[in-house]
Amino acid sequence: MKVRIAQQATEAEASAIANALAEHLGTAIEVYVGEGDDPTATAAGGDEQRPTDAADERPATTTANDEATADGPTDRERRLREEIDDILEGGPQKYKQQLGEEGKLFVRDRLELWFDGEDDAFLFEDGTFAAFDDWHPEGVGEETDDRLPADGLITGGATFEGRDVHFMANDYTVKRGSMAAKGVEKFLRMQQRALKTGQPVLYLMDSSGGRIDQQTGFFANREGIGKYYYNHSMLSGRVPQICVLYGPCIAGAAYTPIFADFTVMVEGMSAMAIASPRMVQMVTGEEISLEDLGGPQVHASESGSADLVAEDEEHARELVATLMSYLPDNAEEKPPQRAGTNPAKPPAGIDSVVPQEPNKGYDMFAVIDRVADDGSVLELRPDYGPEIVTAFARIDGRPVGIVANQPAHRAGAIFPDAAQKAAEFIWKADAFNIPLLYLCDTPGFMAGSQVEKEGILEQGKRMIYATSAATVPQQTVVVRKAYGAGIYAMGGPAYDPESVLGLPSGEIAIMGPEAAINAVYARKLAEIDDPDERERTEQQLREEYREDIDVHRMASEVVIDELVPPSALRDELAARFDFYADLEKSVPEKKHGTIL
C-alpha cells in the first residue's frame, strides 16, 4: 500500500509511519515524502513483503464497527434504509385502513399512480426525514398518533406524461394531512425552486389545515404558512399550477386550490371551505354538512372554484394529463402541438345547425364539434355560468382557448358568473401563450335588478379588460347575433383581434330588431289605428333594420375582415392561427392595470 506524507517529514518519521501501518493493517507499506518518486521508507506486512497492486493503492473502507470491507452496504447504511422504510409506511395503520374505507389511496400509492407510467417517473423526494427527531426515538410505537413521517407532507420532482414537474402531496394518515413547521418549509422550498426551474407544479391536496397545537413557528412567520400564498402569487402566470383535491381542505389549506390556475375536485371525496362545519356552527349557528358547505357540486356550479370534477382518483389523473397537454411548461414557451385530426362532425354542416332566427336556441357545441379536432375539446367549469363555454381544444393540432356564447342557456346572454368565468379563462390562456377563438352569438349583457346586485357591470368590465389586455393571437367569429356590449367582450373589431370573420347568419347591432323597433318607433306604431297596417309597418321597419345590421353590410363596410362560407370556417381558422402564430403584440408600458 502506498502512502504519501508531507514534504517536511523526516526519514525517521516516515519509517515509523510505515512500520505502524504495516503492523496494524497486515500489509506492505511504502511511504513517500512530498512529491518524491521513490519511497523514503518501507515496511513488510505479516511474515514477508508482497508486491503491491492496484488494490493496495485504494484507501481501506470501514464499517460502522471499523471492520475493513471492500464493498456492500454497511450496518450503518442498513439502519438508514430501515429508517427510510419506516418513514415510507406513513402514519398509523388504523388511518391507512380508513383510507380504503373512504375509497382513497394512501399517499405513496397515489404518487405511484401519478408517476409510474410509461412516460412517468418518481425522480426524487426532498425532506423525507423532516421532523424525524420529533417522533422516531425510542418510545414511539407504530400505532401512536405521534408518528410524523415526512411531517405529513411529501415534496419532490417527477416526470409526468414525459414532462418534468414539481409536486407536493399531503399524507392524510399523519395528523389528517395537517401542516406544521417542517412540512411548511418543504412546501415553500418546492415553490421557490419551481420559480427557478420554470417547471409546472402539481398540488395533490388532502389537508385539514394548519396543525393548531404546533402553530408557533410557522403560522405568522416570514417563512411560514402565509408565504404559501405569496409564492402562489409569484408563480401565477409564470408556470402552470394545478391542484387536485382528495379530501377535506379547510381554512388555510383551501387557499392553495383557489390560488392554483386549475383545480380538480373528486366526487364523494373532495371538499374545501374557509371553515369546517363545526366552526361554522360555532360562529353562525348554521348546521350543515361538509358536502353542502364545500363539496364538488358547490364549487363546480355555484362558486366556480372547481374547474373540473373527477369521478375517482384515476379519472382525476386523466383530467390533469389532458389539461397539461394544452399548456407549456412556463410563460416563455409555446403550448405543445400535435398532429391534427379531422373534427368529430363534418364542417359542411355548420350552416345547417345555426338557425337564421336570432331568438331560436341551439347548442354551440354543434359548431365547436365541426371546427375543433375530434376528441380535443376539454370544457372547464361547464356548470358555472353555462351561458358561456370556456374550453381548450385543438384546430389542426394547435391548442386554442375557445370562448363561445351558448344559446342553449338563457339565449346566450352574458350573466355575471359567465363574465367572470370568461375573464379568468382568457387571462390564463393569455398567460400561457394559448391563442384565443371567440364564437359570438349573444344578445349582450343581461339587464335587470338582480344582475345589477350580482355585479354585472363589474364582471362585464373584467371580461372586456381581459379581452383588451390579451396579447396572444385572437380570432373572432360572428356566428349569429352580436348585440350590445356583447361584441366588445367577445373580441369584436374594436379590440384588435387578428381577424373578425362572419358567417352568413351573422348580425352586429346595438340591439336586436324587435327591441330596436319598439324603442325607436313605439309612438309612430301606436298612432296607426288599423291593426293590419300596424303589423305591416312594423314588419317593414324590422326588415329595414336587419338590412342595416346584416353581416353582408358589415363586410361591405369592412367592419369585419371576411365573410366566410360556414363549411370553410375550420380551414380558414387553421390558416389564420398558423399565419399569426409568431405574432408579437404589446400593451402600453406600465406597472400593471388597475382592474382585477
Side-chain angles (χ1 to χ4, degrees), residues 322 325-326 335-358 360-380 382 388-409 412 425 429 434-442 472-482 487 490-493 497-508 550-552 554-555 559-581 583:
T322 301
S325 72
Y326 301 99
Q337 286 189 241
R338 294 183 176 180
T341 61
N342 292 325
K345 297 178 181 178
I350 290 178
D351 199 41
S352 66
V353 301
V354 180
Q356 185 61 42
E357 304 88 338
K360 187 174 182 179
Y362 70 100
D363 188 350
M364 182 58 79
F365 279 101
V367 175
I368 294 173
D369 288 343
R370 289 169 166 83
V371 171
D373 293 4
D374 187 14
S376 74
V377 180
L378 178 65
E379 185 180 6
L380 302 176
I388 287 182
V389 173
T390 52
F392 289 125
R394 293 184 183 84
I395 296 179
D396 198 24
R398 183 185 302 279
V400 299
I402 296 177
V403 181
N405 304 116
Q406 177 55 288
H409 287 279
F425 179 80
I434 301 172
L436 287 163
L437 170 61
Y438 294 87
L439 299 176
C440 182
D441 189 346
T442 179
V472 293
Q474 300 173 70
Q475 313 287 342
T476 297
V477 180
V478 180
V479 177
R480 194 175 53 167
K481 57 187 180 293
I487 186 60
M490 295 297 293
E498 278 47 74
S499 308
V500 178
L501 308 178
L503 298 185
S505 49
E507 297 177 339
I508 301 178
D550 184 78
V551 73
H552 287 80
M554 299 299 164
V559 173
I560 66 171
D561 294 288
E562 193 61 68
L563 182 55
V564 179
S567 59
L569 179 61
R570 171 182 159 87
D571 291 340
E572 186 85 16
L573 289 171
R576 289 172 182 269
F577 277 122
D578 184 62
F579 185 84
Y580 290 112
L583 182 76

How long is the gap from CD on E572 to CZ on F577, to the nearest 0.5 Å? 11.5 Å
Are side-chain heavy atoms of R480 and P407 found at a separation under 4.5 Å? yes
Donor-acceptor contact present, side-chain S567 to main-chain I350, <3.5 Å: no
Using atom types as modelled and distance alone, determine if a side-chain donor or acceptor of K360 lies under 3.5 Å from a backbone N or O of P355. no
Salt bridge (Lys or Arg N to Asp or Glu O under 4.0 Å) between R570 and D373, worked out: CA-CA 10 Å; R570 171 182 159 87; D373 293 4; 2.9 Å; yes
Quick check: closest heavy atoms across A404 and M490, and the distance to 0.1 Å? CA-CE, 4.2 Å
Can you name the nearest heavy-atom pair linking R370 to P347, along with the distance? O-CG, 3.4 Å
Shortest non-hydrogen contact between V377 and F365, atoms and distance: CG1-CE2, 4.1 Å
Anything under 30° is parallel, anything over 60° is perpendicular, the rest tilted; go ahead and classify F425 against F392. tilted
Just wondering, do P399 and Q337 contact through their side chains at under 4.5 Å, heavy atoms? yes
Taking side chain as C-beta onward, heavy atoms only, is R338 less than 4.5 Å from S376? no
Backbone N or O of G412 within a donor-acceptor pair of the Q406 side chain at under 3.5 Å? no
With heavy-atom distances below 4.5 Å as the criterion, would you say the side chains of Y326 and R394 are in contact? yes
OG1 of T390 to CG of L378: how many Å apart, nearest 0.5 Å? 9.5 Å
Quick one: closest heavy-atom pair of G491 and T476, and the distance? O-OG1, 2.5 Å
Of the non-hydrogen atoms in S499 and Y580, which two are nearest, and what is the gap between them? OG-CE1, 4.1 Å
Just how far is it from atom CD1 of I560 to atom NE2 of H552, taken to the nearest 0.5 Å? 9.0 Å
Before you tell me yes or no, could you show the steps for I388 and N405 under side-chain contact (heavy atoms from CB on, under 4.5 Å), namely the whole-Å CA-CA distance, both residues' side-chain angles and the distance that decides it to 0.1 Å? CA-CA 5 Å; I388 287 182; N405 304 116; 4.0 Å; yes
Between V551 and L503, is any pair of side-chain heavy atoms under 4.5 Å apart? no
With heavy-atom distances below 4.5 Å as the criterion, would you say the side chains of P336 and S325 are in contact? no
Identify the two heavy atoms, one from G502 and one from L563, that lie closest to each other, and give their separation to 0.1 Å. O-CD1, 3.3 Å
Just how far is it from atom CD1 of I508 to atom CD1 of I487, taken to the nearest 0.5 Å? 5.0 Å
For residues P497 and Q475, determine if any side-chain heavy atom of one lies less than 4.5 Å from a side-chain heavy atom of the other. no
Please round to the nearest 0.5 Å and tell me the distance separating atom CG of D571 and atom CD1 of I395. 10.5 Å
Give, for atom CD1 of I402 and atom CG of L380, the distance between the pair rounded to the nearest 0.5 Å. 11.0 Å
I need the single residue from L569, D441, V500, V564 that forms a side-chain contact (heavy atoms from CB on, under 4.5 Å) with V477. Which is it? L569
With a 4.5 Å cut-off on side-chain heavy atoms, are L501 and R576 touching? yes
